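In this text the structure is predicted, and so the values were computed from the model without any measurement.
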Amino acid sequence: LGSNGVGDGFEWHNALVGEIVGTFLLMTVVLQTACHPKSDGNRSQAALAIGLAVFMAHVVLIPIDGCSINPTRSFGPALVAQIRYGQTPFQDMWIFWLGPLAGAALAVASYKVQEFLQKIVRGVTLRACYAEFVAMALFVVIGCGSAMGIDGTRDGNDTSALPGWVLMVSLAFGFSIAALAYASGHHSGGHINCAVTFGLVLFGECGLAQGIANFVAQMLGSIFGAAILCLMYPKDSDHTGGLGSNGVG
């Protein structure tokens, strides 16, 4: 019945970290797009951003544990499957309760921290820096994580110039930027890219000091996101062999 369970090649802690991060993403998008006063003007788009967040979590987590990020959704199929098929899908059920609940709590804590960072230090808005840090970390986890779970090896019959998995990874990157821009735009402008920050500084839309601070926050977020991927994907399960790093094909 589509019950969740830890996938082959993965350990319980990989699934637990994944569920925490996936639910953190979802809850962060909910708080920032459907609850934050500054996003009131875009409230009608909140449902789209939330739906994209759910899509992104599934793209990354399905190879790991089928993706729950919703304890009640996981509980029903597991209970009925045990009754109907005599299976024991409850052995991993604690992961699909602890992970999402912890992820939601961490997202609320992160939201509170961001609200506390209202000071402007030497022309730098700390709240904007924090928004860029969180958004970049999640962007790395979702984008690179979507590639790590896919075996892109071609067989002899695949002669397509653009395999299907390329489209899926591209959509994961694009949709993640859309949802994260909705969630962080009212704090930092939703740069999530140091090249975009550089362009906005040159154009005069972002001050030099803020641009440098955003760059530092983005770099730290990228490193933190990559570290999270190491906790979610064992080396042998990383089909890219390098955390989804770029390289000339």
Side-chain angles (χ1 to χ4, degrees), residues 4-31 53-71 73-74 91-111 113-114 130-152 165 168-169 172-173 175-177 179-180 183-184 192 216-247:
N4 293 104
V6 178
D8 295 336
F10 294 92
E11 301 293 338
W12 66 266
H13 59 271
N14 302 132
L16 180 61
V17 172
E19 290 295 325
I20 291 173
V21 175
T23 312
F24 178 90
L25 166 69
L26 173 60
M27 193 67 209
T28 295
V29 172
V30 169
L31 290 172
V54 173
F55 168 82
M56 292 185 295
H58 279 74
V59 166
V60 177
L61 292 180
I62 281 178
I64 299 175
D65 62 8
C67 186
S68 171
I69 64 170
N70 184 337
R73 198 278 298 166
S74 297
Q91 61 185 2
D92 298 326
M93 183 56 60
W94 67 274
I95 296 173
F96 308 116
W97 281 87
L98 179 59
L101 295 179
L106 285 173
V108 172
S110 177
Y111 181 92
V113 168
Q114 192 167 40
Y130 187 76
E132 288 294 308
F133 170 81
V134 172
M136 180 57 75
L138 291 173
F139 183 53
V140 169
V141 170
I142 300 303
C144 297
S146 68
M148 290 168 65
I150 298 175
D151 185 357
W165 65 266
M168 192 197 81
V169 173
F173 272 97
F175 286 167
S176 62
I177 281 291
L180 293 171
S184 64
I192 324 175
V216 173
Q218 291 161 3
M219 293 295 289
L220 293 175
S222 179
I223 295 169
F224 185 63
I228 291 175
L229 284 175
C230 290
L231 297 176
M232 292 172 58
Y233 272 88
K235 288 179 65 176
D236 294 340
S237 298
D238 177 4
H239 291 292
T240 68
L243 296 179
S245 301
N246 294 106

I need the [X] [atom1] to [Y] [atom2] distance, nearest 0.5 Å.
{"X": "Ile228", "Y": "Leu138", "atom1": "CD1", "atom2": "CG", "value": "7.0 Å"}
{"X": "Leu25", "Y": "Ile20", "atom1": "CG", "atom2": "CD1", "value": "14.0 Å"}
{"X": "Asn4", "Y": "Ile69", "atom1": "CG", "atom2": "CD1", "value": "10.0 Å"}
{"X": "Leu26", "Y": "Asn70", "atom1": "CG", "atom2": "CG", "value": "8.5 Å"}

If I compare all heavy atoms of [X] with all of [Y], which pair ends up nearest, and what's the gap?
{"X": "Val29", "Y": "Ala53", "value": "CG2-CB, 4.0 Å"}
{"X": "Pro63", "Y": "Gly149", "value": "CG-O, 4.1 Å"}
{"X": "Gly143", "Y": "Val169", "value": "O-CG1, 4.4 Å"}
{"X": "Ile142", "Y": "Ala172", "value": "CG2-O, 4.2 Å"}
{"X": "Met56", "Y": "Ala179", "value": "CE-CB, 3.6 Å"}
{"X": "Ile150", "Y": "His239", "value": "O-CB, 2.9 Å"}

Quick one: does [X]'s side chain get under 4.5 Å of [Y]'s, heavy atoms only?
{"X": "Cys144", "Y": "Leu243", "result": "no"}
{"X": "Pro234", "Y": "Asn14", "result": "yes"}
{"X": "Tyr111", "Y": "Val30", "result": "no"}
{"X": "Met232", "Y": "Val60", "result": "yes"}
{"X": "Glu19", "Y": "Leu61", "result": "yes"}

Backbone N/O of Tyr233 and side chain of Ser237: donor-acceptor pair under 3.5 Å: no
Side chain Asp238, main chain Gly242, donor-acceptor under 3.5 Å: yes
Just list the side-chain donor-acceptor pairs under 3.5 Å for residues 216-224, sequence neighbours left out, or say none.
residue: Gln218; atom: OE1; partner: Cys194; partner atom: N; Å: 3.1
residue: Gln218; atom: NE2; partner: Glu132; partner atom: OE1; Å: 2.8
residue: Gln218; atom: NE2; partner: Thr197; partner atom: OG1; Å: 3.0

Can you give me every donor-acceptor pair (side chain of residues 91-106, partner residue at least two apart or in another chain, under 3.5 Å) with its distance?
residue: Asp92; atom: OD2; partner: Val6; partner atom: N; Å: 3.1

Non-neighbouring partners of Phe175 that pass ring-ring contact (aromatic ring centres under 6.0 Å, His included), sequence neighbours left out: Phe55
